[in-house]
J.: 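Mind looking over this structure? Questions follow.
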Amino acid sequence: KRKINYEVILMTKIIIDEHEIELLFNVKASMEIADICGGDIGNLGNKINELKGVEQIAFFAKIICALANGAISKRNSDIDYGFESGEKKPFFKLDYFMANMTFAEMDNYSCAMYSTIIDGSEFVVPDGVNMEEKDPVLQEIEEERAKKEGK
């Protein structure tokens, strides 16, 4: 008997305009995100940190759109090959996310994006790399707390 390897694909779900949208980081999504990041998906974090306000939410919209279309691509492929039944879904256009994403939900978009990418990635952190993410708001709160405590 041959042993068959399989992998469970987990999809992150996000609510945008009261609609649940599945996100998947697959080859299709990673290629699109790499294009958005100037050819190197490794620049994702730097790009996000460089942008502010409207530019940042527009960037999130592009990434979320790529991840949503990654999920649709998988579903449609499964239907094509008979692994799943149903009707194929059309791919999202960026306009949908531009029209429905709000500044109030920026943290949710960020969490969904990173969660999806991490769940769909296998990576090894090299020795000596600091894995602490610097949250500017948390850093500001900690600085204010230190001032109050006289440190």
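For this chain, numbers begin at 1 and follow the sequence in order.
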J.: Taking only residues two or more places apart in sequence or in another chain, which ones pass side chain to side chain donor-acceptor pair (under 3.5 Å) with E55?
T.: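 E55 satisfies side chain to side chain donor-acceptor pair (under 3.5 Å) with no other residue.
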J.: Can you tell me which residue pairs pass the ring-ring contact (aromatic ring centres under 6.0 Å, His included) test with a partner in residues 60-95, sequence neighbours excluded?
T.: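 Non-adjacent pairs meeting ring-ring contact (aromatic ring centres under 6.0 Å, His included): F92-Y96, F92-F97.
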J.: Tell me the closest heavy-atom pair linking I72 and P90, and the distance in Å.
T.: CD1-O, 3.3 Å
J.: Same cluster or not: I57 versus Y114, using hydrophobic residues (I, L, V, M, F, W, Y) connected whenever any side-chain heavy atoms lie under 4.5 Å apart?
T.: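 Per the 4.5 Å side-chain linkage, I57 and Y114 are co-clustered.
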J.: Using the rule that two of Ile, Leu, Val, Met, Phe, Trp, Tyr join whenever any of their side-chain heavy atoms come within less than 4.5 Å, decide whether L51 and I48 are in one cluster.
T.: yes
J.: How far does NZ of K74 sit from CD of E84, to the nearest 0.5 angstrom?
T.: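 Rounded to the nearest 0.5 Å, the NZ-CD separation comes to 7.0 Å.
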J.: For a 4.5 angstrom cut-off between non-hydrogen side-chain atoms, does I63 reach Y109?
T.: no
J.: With a 4.5 Å heavy-atom cut-off, do N76 and K89 have their side chains touching?
T.: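 Heavy-atom side-chain distance check passes, below 4.5 Å.
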J.: For H19, does its backbone N or O pair with a side-chain atom of D17 as donor and acceptor, under 3.5 Å?
T.: no
J.: Would you call L67 and M113 a side-chain contact if the rule is heavy atoms closer than 4.5 Å?
T.: yes
J.: Provide the closest heavy-atom pair for M98 versus A61 in the form atom of the first, atom of the second, distance.
T.: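 Taking every non-hydrogen atom into account, SD-CB, 4.0 Å.
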J.: Linking I/L/V/M/F/W/Y whenever their side-chain heavy atoms sit closer than 4.5 Å, directly or via other members, would M106 and L44 fall into one cluster?
T.: yes
J.: Side chains of M101 and I64: closer than 4.5 Å at any heavy-atom pair?
T.: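 SC-SC contact between M101 and I64 confirmed.
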J.: Measure the spacing between CD of E22 and OG1 of T116 and express it to the nearest 0.5 Å.
T.: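 Output value for this atom pair is 10.5 Å.
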J.: Please say whether more than 12 non-hydrogen atoms of neighbouring residues, nucleotides or ligands are located less than 6.0 Å from CG in D80.
T.: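 Check passes, neighbour count above 12.
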J.: Working to the nearest 0.5 Å, report the span between CG of N69 and CG of L23.
T.: 10.0 Å
J.: Please check if the side chain of S77 supplies one atom and the backbone of S73 the other of a donor-acceptor pair under 3.5 Å.
T.: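 Side chain of S77 to backbone of S73, a donor-acceptor pair under 3.5 Å: yes, one is there.
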J.: Could you report the tightest heavy-atom contact between C37 and F59, atom names first, then the distance?
T.: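 Smallest heavy-atom distance, with atoms named: SG-CZ, 4.1 Å.
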J.: To the nearest 0.5 Å, tell me how far I16 CD1 sits from I21 CD1.
T.: 4.5 Å
J.: Side-chain polar contacts of residues 24-34 - donor-acceptor pairs under 3.5 angstrom, sequence neighbours left out - could you list them?
T.:
from: N26; atom 1: OD1; to: K28; atom 2: N; distance (Å): 3.4
from: N26; atom 1: OD1; to: A29; atom 2: N; distance (Å): 3.0
from: N26; atom 1: ND2; to: G70; atom 2: O; distance (Å): 2.9
from: S30; atom 1: OG; to: N26; atom 2: O; distance (Å): 3.2
from: S30; atom 1: OG; to: V27; atom 2: O; distance (Å): 2.9

J.: Within the 4.5 Å heavy-atom criterion, are R75 and D78 side-chain neighbours or not?
T.: no
J.: Can you tell me how far CD of E50 sits from CD of Q56, rounded to the nearest 0.5 angstrom?
T.: 11.0 Å
J.: Once rounded to the nearest 0.5 Å, what's the spacing between atom SG of C111 and atom CD of E105?
T.: 11.0 Å
